[in-house]
Amino acid sequence: MLVPIILSIFLTLSRGGLVLLPVVFIVVLLFVKPARQLLWILHLAISGAATFVVLNPVSEIGIQAQLNPTEASSLKGWMYVLGASVVSAALSWVIQRFVAPWLEKKLENFSAKKWANALIPVGGTVAVALLLFIFIGTSAKNMLPESISSRLGSINFQQHSVLERITFYKDSLKLVADYPLLGAGGGAWSALYEKYQNNPYESAQAHSYYMQYLVEAGIIGFVVLIAFLAFVYWKYIRSFITANEEKRNSYFMYFILTTSILIHSVMDFNMSYVYIGILVFMSLGGMTASVESKPFEKLKPKSFRIAMTSILGVVGLGMFITSLLFLQASSSFTKAQETVALTKDFNQTMVHLDKAMNIRPTVPEYADFKAYLFQQMYQLQQDEKFFTIAEQTLKEALKKEPYNKQSLLKRLINGYEMKGMETELYQVYSEHASSFPWDMVWYDKYMEAALRQGVIANNEAPDKKNEYMDEIISAFEHVKAGVEHLKTLPEGQLQGNEFYVTSRMAMNAGRAYIMKGDPGQAAEAMKPYLQEDLNDSNNKELARWYVAATMQQGQVDQAWYDKLVAADPSEKEQIEQVAAMRFNAK
């Protein structure tokens with residue numbers, strides 16, 4: 001299997017894996033005798049050479065198979081892999097059969113020295129560093145397929161993958177600062193990262209098991225985890241040192257599995273996959289199985305067993321019952337979705353959905369689905385009770401999931417837009433703006449909602465009006481500051497999603513200044529964002545308000561006035577109407 005494994009490593013898109021693989025290999029080598037170290041390296045050299053021979057043709061066939069898959073080309077590729085594997089296996093068998101016994105005998109005295117196990121790994125570190133330099137820093141990488149050589153060439157500390165991971169880790173620490181001791185709970189990173197992010201990236205994972213665990217479980221939980229791992233490794237290493245060769249070999253595979261995954265998890269999210277987490281903790285159990293158990297001196301073995309069995313039994317029973325209930329809720333939710341899709345029967349759908357929500361009332365997906373159904377019923381029957389239930393359902397769920405933008409908040413916003421509830425709509429955008437500082441669409445709509453509230457307040461509560469205008473200006477300055485901040489990102493780092501001042505943002509900021517009685521500041525705010533394409537309605541409206549602001553100052557921008565009128569003669573009247581507007585400045 002060494003040829004397929006090494007081939008997979010060459011073809012992987014994970015640069016983190018390529019960087020950390022030598023680290024894992026060197027750590028593992030420290031635990032085996034020099035003779036076996038040399039044998040491992042020899043086996044890897046043989047299989048590596050065999051892989052290198054077929055690497056180019058297999059890589060080319062793989063690319064062709066993606067573009068135009070055929071059985072013949074795939075079979076040809078597999079024959080290359082199989083042939084190289086057979087040759088490698090045959091040579092390895094010869095080495096293991098004839099060379100291994102001789103080598104172990106020759107190095108028997110050398111292996112007895114305390115520092116012997118460390119000599120080859122240290123030398124190996126130098127060799128690996130040299131190989132990395134050759135394949136990354138010299139033209140030798142051109143011997144590899146283009147896709148692989150470019151991947152190796154991109155391994156450096158200034159490329160986006162590294163820079164973005166560093167950003168994730170810094171943002172994780174910001175989150176930890178707000179939830180230091182016990183953390184923010186399971187799934188905290190994916191729920192909260194938008195509030196703390198340095199730039200508008202999208203990442204449901206912190207790309208480090210340890211940083212994500214620190215975010216979710218806090219300093220106390222993180223210390224418990226590290227203490228647990230340190231204890232298991234300490235006991236295993238002590239047992240390994242004193243154990244005979246047979247016992248060492250019996251449990252060493254567990255050490256290799258656990259160590260490989262935990263080291264790679266420093267800069268990736270392997271442990272987010274349940275099956276990998278299971279594999280790691282089962283392997284930790286395998287490591288502890290090699291440790292000789294000693295009874296507690298102050299506890300009788302029988303009493304201890306009864307106590308532990310009782311405690312674990314109660315906890316296990318509780319988890320089993322909870323799991324059954326959660327499974328029942330999930331099953332009922334699935335039935336509700338199937339029922340509404342197949343029968344459109346609202347009442348029968350709600351029977352299944354209520355069953356799910358009685359067990360888990362604040363699961364975002366359940367609440368969102370219920371609110372959606374009741375909003376649809378409101379639109380059909382115009383009965384207020386349906387809308388009220390939808391609104392209450394979402395608000396209850398938001399108490400537990402206040403940062404759930406994609407389903408709960410957007411569903412609530414849709415409901416308020418549907419009913420034209422401008423005040424409630426503004427409150428949602430305003431209250432949650434600080435939670436999504438890099439959501440350009442959110443800020444655009446937030447400024448729109450605040451402006452509508454300001455227009456209403458201008459007639460009903462002039463003093464309140466300026467508070468809305470100040471919010472709009474503050475939001476505008478926030479976006480401007482964000483744009484400037486993105487210019488400071490390192491050259492190799494990607495910013496993520498788009499983030500810029502839109503025409504409507506600039507126009508609403510200008511309107512806010514005009515409504516505050518400051519047309520000069522309004523013109524200054526809008527001018528940098530004027531666009532020559534006046535076929536776009538937003539660009540044309542921005543230019544209209546800009547020209548009107550200059551007219552209110554008594555210094556009309558004739559060039560832009562002429563452009564607007566040339567594009568649309570009716571603009572002359574519209575500009576004059578805007579310029580004639582007057583608002584209470586107090």
**OP:** Would you indicate whether the side-chain heavy atoms of H352 and T339 approach each other to under 4.5 Å?
**Re:** yes

Is it true that atom CD of Q381 has more than 12 heavy atoms of other residues, nucleotides or ligands lying nearer than 6.0 Å? yes

* Side chain to side chain, E384 and Y378, heavy atoms closer than 4.5 Å -> yes

**Study point:** Side-chain donor or acceptor of H478 paired with backbone N/O of P437 under 3.5 Å
**Key:** yes

Side chains of F255 and Y233: closer than 4.5 Å at any heavy-atom pair?
yes

### Query
Between Q531 and D536, is a side chain to side chain donor-acceptor pair (under 3.5 Å) present by the stated rule, with each step listed?
CA-CA 9 Å; Q531 302 289 330; D536 184 288; over 6 Å; no

### Message
Please report whether the ring centroid of Y254 lies less than 6.0 Å from that of Y236.
### Response
no

After noting the C-alpha distance and the side-chain angles of S435 and E194, does the key distance pass the side chain to side chain donor-acceptor pair (under 3.5 Å) rule? CA-CA 7 Å; S435 300; E194 283 189 86; over 6 Å; no

Review point. Take atom NZ in K174; do more than 12 heavy atoms of anything else shown fall under 6.0 Å from it?
Key: yes

### Chi angles and distances behind the side chain to side chain donor-acceptor pair (under 3.5 Å) call for E422, Q453
CA-CA 7 Å; E422 293 292 345; Q453 289 300 295; 5.0 Å; no

* Ring centers of Y446, W442 separated by less than 6.0 Å -> no

Short N-O contact, E541 and R504, less than 4.0 angstrom: yes

Quiz item: Thinking salt bridges, do D533 and K540 make one under a 4.0 Å N-O criterion?
Solution: no

Exercise. Is there a side-chain contact between M505 and M440, using heavy atoms and a 4.5 Å cut-off?
Worked result: yes

Minimal heavy-atom distance between A367 and A397, with the atoms involved, is CB-CB, 3.6 Å

Residues A525 and A506: closest non-hydrogen pair is O-CB, 4.5 Å

Do E365 and K370 sit within salt-bridge range, that is, some charged N less than 4.0 Å from a carboxylate O?
no

*Determine, step by step, whether S430 and E471 satisfy the side chain to side chain donor-acceptor pair (under 3.5 Å) criterion, reporting the C-alpha distance in whole Å, the side-chain angles of both residues, the deciding distance to 0.1 Å, and the verdict.*
CA-CA 9 Å; S430 178; E471 276 195 65; 3.0 Å; yes

Partner of F168 under ring-ring contact (aromatic ring centres under 6.0 Å, His included), picked from Y193, Y201, Y210, is Y201

Side-chain donor-acceptor pair under 3.5 Å between H485 and N198, yes or no? yes

What about the rings of Y529 and Y546, do their centers lie closer together than 6.0 Å? no

Handout entry: Close side-chain approach of L173 to L214, heavy-atom, < 4.5 Å
Key = yes

query: Is D178 paired with K195 through a side-chain N to carboxylate O contact shorter than 4.0 Å?
result: no

Salt-bridge contact D368-K410 (side-chain N to carboxylate O under 4.0 Å): no

| Is R360 positioned over the aromatic face of F326, cation under 6.0 angstrom from the ring centre and no more than 45 degrees off axis? | yes

Tell me whether E391 is salt-bridged to K395, with the criterion being a basic N under 4.0 Å from an acidic carboxylate O.
yes

Checklist entry - Should E417 and L425 count as side-chain neighbours, where that means a heavy-atom distance under 4.5 Å? => result yes

Going by atom type alone, with no hydrogens or angles, which donor-acceptor pairs under 3.5 Å involve a side-chain atom of residues 330-337 and a protein atom two or more places apart or on another chain?
| residue | atom | partner | partner atom | Å |
| --- | --- | --- | --- | --- |
| S332 | OG | Q328 | O | 3.0 |
| T334 | OG1 | S330 | O | 3.0 |

Q205 (side chain) donor-acceptor with S272 (main chain) under 3.5 angstrom: no

Margin query: Would you say that F346 contacts F374 through its side chain, given a criterion of any heavy-atom pair below 4.5 Å between the two side chains?
Written below: yes

Notebook entry, point to check: Considering residues, nucleotides and ligands other than K419, do more than 12 of their heavy atoms fall under 6.0 Å from its NZ?
Noted result: yes

Measuring only between side-chain heavy atoms, which start at C-beta, is M515 closer than 4.5 Å to V455? yes

Quiz item: When you check the gap from the basic side-chain N to the acidic O, do K487 and E484 get nearer than 4.0 Å?
Solution: yes

Can you find a side-chain donor-acceptor pair between E202 and N497 that sits under 3.5 Å? yes

Tell me whether the rings of F369 and Y372 are parallel (<30°), tilted (30 to 60°) or perpendicular (>60°).
parallel

* Ring centers of Y416, Y426 separated by less than 6.0 Å -> no

Does K385 make a cation-pi contact with F387 (under 6.0 Å, within 45 degrees of the axis)?
no

